[in-house]
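A short worksheet on the structure shown next.
Whatever order the structure lists them in is the order used to number ligands and atoms, beginning at 1.
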Amino acid sequence: MNTKHRPIAIVTGASRGIGAAIAAQLAQDGYDLLLCCRKNTELLENAAKSLQQEHNVSVTARCGDLGDPVFVSDLFRNISRLDLLVNNAGISKTGLLQDMTDAEWLEQMNTNVNSVFYLCRAAIPVMLREHTGRIINISSVWGSVGASMECAYSASKGSIDALTRSLAKELAPSGIAVNAVAPGFIDTEMNDHLSAEEKEMLFAEIPAGRAGTPEEVASLVSLLAKAPVYLTGQILRIDGGWI
Ligand code: NDP
């Protein structure tokens with residue numbers, strides 16, 4: 001982390017859910033922030049304003065499709081320093097693999113995997129200039145164990161795990177740590193398609209007996225951002241003992 005300035009972080013998917021909690025935690029930790037989401041402009045801008053006022057940090061909001069390399073290049077146009085990149089934006093397409101259309105598969109991969117490639121590719125040269133930085137990818141427990149009815153989602157998160165481990169090796173000589181956080185079941189809009197009954201059945205399988213909160217994931221991201229750079233290439237599960 002650069003000590004001469006306030007640290008700078010990018011958080012993707014920060015309009016709601018886990019990303020919004022990460023943004024709030026990092027603002028509290030004293031980071032200047034660039035927050036992104038796809039279409040919830042008003043939500044993101046309001047969050048940016050209130051974080052700025054509450055924590056006296058600079059917060060910029062940008063909306064667009066992170067699966068579009070042109071948008072990602074534009075996002076980095078004025079970025080000359082970066083301490084932390086949190087790749088959190090993601091979608092989950094559920095259903096049988098045999099019923100999935102080409103367009104659904106491609107959207108899943110473009111949003112969850114290609115975006116991370118575009119963002120890392122743009123962030124690395126900026127971090128290399130200071131020989132320091134952290135990349136934290138938000139994966140999922142399904143990336144390592146797989147989930148029925150979520151084949152594409154699981155494949156996308158498995159790719160994130162492999163990318164995290166490989167990029168960590170590539171960037172360790174430059175003092176840049178790359179890790180992933182793999183949540184279990186977290187109470188956000190992503191799981192709104194589940195009924196109360198289905199959620200209760202899931203909680204019965206989770207030793208902690210409940211869903212995790214976005215704030216718990218954010219707290220782990222904050223800890224990882226402060227961890228020694230020697231901690232790299234790890235996929236850290238936060239799942240209440242589920243898997
Ligand atoms: P939400 O559905 O609550 O929020 C998703 C966020 O991603 C929103 O800010 C959304 O923006 C943004 N987003 C989606 N697609 C794009 C895109 N193409 N370009 C830019 N931004 C995009 O999700 P969660 O908070 O639940 O999930 C966050 C991350 O955590 C995801 O990567 C997810 O896979 C992972 N995760 C979640 C778990 C859970 O149980 N909730 C469990 C394990 C992992 P907008 O508001 O504009 O749509």
At what distance is the nearest protein heavy atom to [atom], and which residue and atom is it?
| atom | answer |
| --- | --- |
| atom 38 (C) of ligand 1 | Gly184 O, 4.0 Å |
| atom 47 (O) of ligand 1 | Lys39 N, 2.6 Å |
| atom 36 (N) of ligand 1 | Tyr153 OH, 3.5 Å |
| atom 19 (N) of ligand 1 | Leu66 N, 3.0 Å |

Using a 4.0 Å heavy-atom threshold (strictly under), name the region of Ile18 that reaches ligand 1: side chain, backbone, both or neither. both
One residue to check: Ala211. Relative to ligand 1, which of side chain, backbone, both or neither has a non-hydrogen atom less than 4.0 Å away? neither
Between Phe185 and ligand 1, does any nitrogen or oxygen pair lie at a separation below 3.5 Å? no
At less than 4.0 angstrom from any non-hydrogen atom of [X], what atoms of ligand 1 do you find?
| X | value |
| --- | --- |
| Ile91 | 14 (C), 15 (N) |
| Ala14 | 9 (O) |
| Asn191 | 39 (C), 40 (O), 41 (N) |

Using salt bridge (Lys or Arg N to Asp or Glu O under 4.0 Å) as the criterion, point out the one residue from Glu205, Glu216, Glu200 that pairs with Arg210. Glu216
Is it true that Phe185 and Phe203 have ring centroids separated by less than 6.0 Å? yes
Using side-chain heavy atoms (C-beta onward) and a distance below 4.5 Å, is Tyr31 in contact with Val11? no
Side-chain donor-acceptor pairs under 3.5 Å in residues 37-48, sequence neighbours left out?
{"residue": "Arg38", "atom": "NH2", "partner": "Asp65", "partner atom": "OD2", "Å": "3.3"}
{"residue": "Thr41", "atom": "OG1", "partner": "Lys39", "partner atom": "O", "Å": "3.4"}
{"residue": "Asn46", "atom": "ND2", "partner": "Glu42", "partner atom": "O", "Å": "3.4"}

Could you tell me which residues satisfy side-chain hydrogen bond (donor to acceptor under 3.5 Å, both in side chains) with Ser115, sequence neighbours excluded, listed by chain and number? none
contact_flag Gly64 ligand 1 heavy-atom lt 4.0 Å: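 The answer is yes, since Gly64 has a heavy atom less than 4.0 Å from ligand 1.
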